[in-house]
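The model shown is predicted, which means the values in this text are computed figures rather than measured ones.
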Amino acid sequence: MANASSGGITGEKIWLDGELVPWDEARVHVLTHTLHYGLGVFEGIRCYATEDGRSAVFRLPEHIRRLFDSAHINLLDIPFSQAEIRNAVIECLRANGLKAGYIRPLVFVGDGAMGLNPADNPVRVAVIAYPWGKYLGEDGVENGIRAKVSTFARNHVNAKMTKGKTCGDYVNSILAKREALMDGYDEAIMLDTQGLVSEASGENLFVVRNGMLRTPPLPTVLDGITRASVIEIARDKGVPVEEASVTRDELYISDEVFLTGTAAEVTPIREIDRRTIGEGGRGPVTEKLQAAFFDIVSGRERKYESWLTHL
Ligand SMILES: *Cc1c(COP(=O)(O)O)cnc(C)c1O
């Protein structure tokens with residue numbers, strides 16, 4: 001009963017407004033402003049078990065920096081320092097005994113005034129950590145997923161502030177994701193308001209053609225930390241990368257297409273709109289970058305040690 005409301009996700013403690021509270025006590029009032037209008041920001045972070053028997057959070061400072069940037073874009077003043085939130089992430093993992101898992105920091109506007117000027121409402125912060133496997137499935141990571149180009153456009157860059165992970169903006173992503181699932185696909189690829197490929201519902205997208213990697217440029221996409229990591233890994237491995245527009249038909253004729261994100265990690269796409277991509281599985285460039293990514297997060301690649309914050 002206690003956890004029925006959290007969809008099976010459960011744990012010991014949640015960090016709320018500066019302290020660890022019992023999981024079932026991390027509740028809010030229905031007047032919580034964010035519930036009504038979606039003004040709030042969040043992060044998604046992963047912690048991995050590393051080869052040396054320890055655990056490490058992947059690119060923790062970058063994620064917390066982006067949380068504060070998202071808040072700044074939305075005029076939300078977080079009443080904690082970045083260091084305090086980084087510590088909260090570590091505390092939360094420890095308090096729940098997690099060696100690996102997903103961490104969800106959430107900045108939300110508490111109750112007080114209703115209406116569209118919540119300037120005097122409290123800005124609240126929660127950090128939740130729980131176990132989580134592969135977002136798009138083990139099979140997806142190995143053999144690729146099936147995607148469809150969404151009928152929903154990615155919000156215009158001056159409507160949705162694309163550099164922030166803003167709660168309410170994800171209605172756009174949810175519409176696209178559910179449409180894709182109801183139509184029998186695994187994921188949605190969204191076009192921007194000019195009709196160019198932007199990203200998937202919650203992942204950045206890369207195409208490979210003739211050994212070259214291309215990903216849509218920043219204006220209409222979220223500045224993904226996995227995206228930036230993959231760009232750096234590719235350059236290190238001598239794979240040329242460009243940030244340039246991708247059209248819908250270019251998706252179809254790519255040798256490989258893959259998605260990146262904290263949730264999706266590096267997941268190949270084997271089919272888009274019933275067109276087979278390349279050989280219809282995980283292509284060689286995707287496999288190489290994916291293997292490098294998993295080596296790095298599990299601490300097998302010392303060169304990228306600075307991307308890991310050990311518990
Ligand atoms: C979070 C997110 C991503 C992936 O970003 P990461 O930093 O790699 O997790 C991509 N697109 C959207 C829309 C997102 O919300």
Quick check: do V197 and T247 have side-chain heavy atoms less than 4.5 Å from each other? no

Does E243 form a salt bridge (charged side-chain N to carboxylate O under 4.0 Å, His left out) with R227? I'd like the steps, not just the answer. CA-CA 11 Å; E243 294 178 64; R227 175 185 182 275; 2.8 Å; yes

Would a distance-only check, ignoring hydrogens and angles, find a side-chain to backbone donor-acceptor pair under 3.5 Å from N96 to K13? yes

What's the verdict on ring-ring contact (aromatic ring centres under 6.0 Å, His included) for F58 and F293, showing C-alpha distance, side-chain angles and the deciding distance? CA-CA 11 Å; F58 185 63; F293 177 81; 5.6 Å; yes

Shortest non-hydrogen contact from L311 to L98? CD2-O, 4.0 Å

When you look at R46 and E265, which way does the salt bridge (charged side-chain N to carboxylate O under 4.0 Å, His left out) test go after all the steps? CA-CA 10 Å; R46 271 192 196 261; E265 299 166 306; 3.7 Å; yes

Rounded distance [0.5 Å steps], CD in E43 versus CG in L60: 10.0 Å

When you compare the side chains of Q290 and R282, does any donor N or O come within less than 3.5 Å of an acceptor on the partner? yes

More than 12 heavy atoms of other residues, nucleotides or ligands under 6.0 Å from CD of Q194: is that the case? no

Using a 3.5 Å distance criterion without hydrogens, assess whether the side chain of R146 forms a donor-acceptor pair with backbone atoms of R270. no

Does the side chain of I64 come within less than 4.5 Å of I45's, by heavy atoms? yes

Can S201 and E187 be counted as having a side-chain donor-acceptor contact under 3.5 angstrom? yes

Correct closest heavy-atom pair for S198 and P216 would be O-CG, 3.4 Å

Electrostatic pair R124-D17, nearest N-O below 4.0 angstrom: yes

Of R274, R178, K148, the residue whose pairing with D183 passes salt bridge (Lys or Arg N to Asp or Glu O under 4.0 Å): K148

For the pair L76 and L39, evaluate side chain to side chain contact (heavy atoms under 4.5 Å, CB included) and give the outcome as yes or no after the intermediate values. CA-CA 9 Å; L76 295 173; L39 179 70; 3.9 Å; yes

So, S150 and E179: side-chain donor and acceptor under 3.5 Å apart, yes or no? yes

For D273 and Y252, what are the C-alpha separation, side-chain angles and deciding distance, and is it a side-chain hydrogen bond (donor to acceptor under 3.5 Å, both in side chains)? CA-CA 8 Å; D273 296 341; Y252 300 153; 2.5 Å; yes

Give a yes or no on whether the backbone of G53 and the side-chain of K99 come within a donor-acceptor separation of less than 3.5 Å. yes

Can you see which heavy atom on G140 is nearest to which on I145, and at what distance? CA-CG2, 3.7 Å

Compute the centroid of each ring, for Y170 and then for F42, and state whether the two points are separated by less than 6.0 Å. yes

Does either side chain, that of E271 or that of T276, offer a donor lying less than 3.5 Å from an acceptor on the other one? no

Supply the atom-to-atom distance E256 CD to E287 CD, rounded to the nearest 0.5 angstrom. 9.0 Å

Here the gap from R104 atom CZ to I14 atom CD1, rounded to the nearest 0.5 Å, amounts to 12.0 Å

Counting only heavy atoms not in Q82, do more than 12 fall under 6.0 Å of its CD? yes

Is the shortest distance from a Lys or Arg side-chain nitrogen in D223 or R66 to a carboxylate oxygen in the other one below 4.0 Å? no

Do V221 and T162 come within less than 4.5 Å of each other through their side chains, counting heavy atoms only? no

To the nearest 0.5 Å, what is the distance between OG (S173) and NZ (K165)? 8.5 Å

Distance from M190 atom CE to L175 atom CG, nearest 0.5 Å? 8.0 Å

Looking at every heavy atom in both A129 and L93, which two are closest together, and how far apart are they? CB-CD2, 4.1 Å

Is there a path from I128 to Y102 through hydrophobic residues (I, L, V, M, F, W, Y) whose side chains come within less than 4.5 Å of each other? yes

Any chance you could lay out the side chain to side chain contact (heavy atoms under 4.5 Å, CB included) test for I103 and C47, step after step, and finish with the verdict? CA-CA 8 Å; I103 306 119; C47 173; 4.0 Å; yes

If every non-hydrogen atom of A176 is compared with every non-hydrogen atom of A188, which pair is closest and at what distance? O-CB, 3.4 Å

Mutual orientation of the aromatic rings belonging to F258 and F206 [parallel < 30°, tilted 30-60°, perpendicular > 60°]: parallel

When clusters are formed by joining ILVMFWY residues with side-chain heavy atoms under 4.5 Å apart, either directly or through shared neighbours, do F152 and L191 land in the same one? no

When you group the ILVMFWY residues by side-chain heavy-atom contacts below 4.5 Å and let the links chain together, are Y48 and V57 in the same group? no

Is it true that the side chains of R59 and S229 contain a donor and an acceptor less than 3.5 Å apart? yes

Could you tell me whether the side chain of K163 reaches within less than 4.5 Å of the side chain of L218, counting heavy atoms only? yes

In this structure, are over 12 heavy atoms from other groups packed under 6.0 Å from E12 atom CD? no

List the steps, then state whether side chain to side chain contact (heavy atoms under 4.5 Å, CB included) holds for L251 with L205. CA-CA 10 Å; L251 293 174; L205 177 143; 3.9 Å; yes

Please confirm whether F68 and H72 have ring centers closer than 6.0 angstrom. no

Salt bridge (charged side-chain N to carboxylate O under 4.0 Å, His left out) between R154 and E199, worked out: CA-CA 8 Å; R154 174 54 89 213; E199 58 183 329; 3.4 Å; yes

Rounded to the nearest 0.5 Å, what separates atom CD in E301 from atom CD1 in I233? 8.5 Å

How about D111 and T32: does a side-chain donor come under 3.5 Å of a side-chain acceptor? no

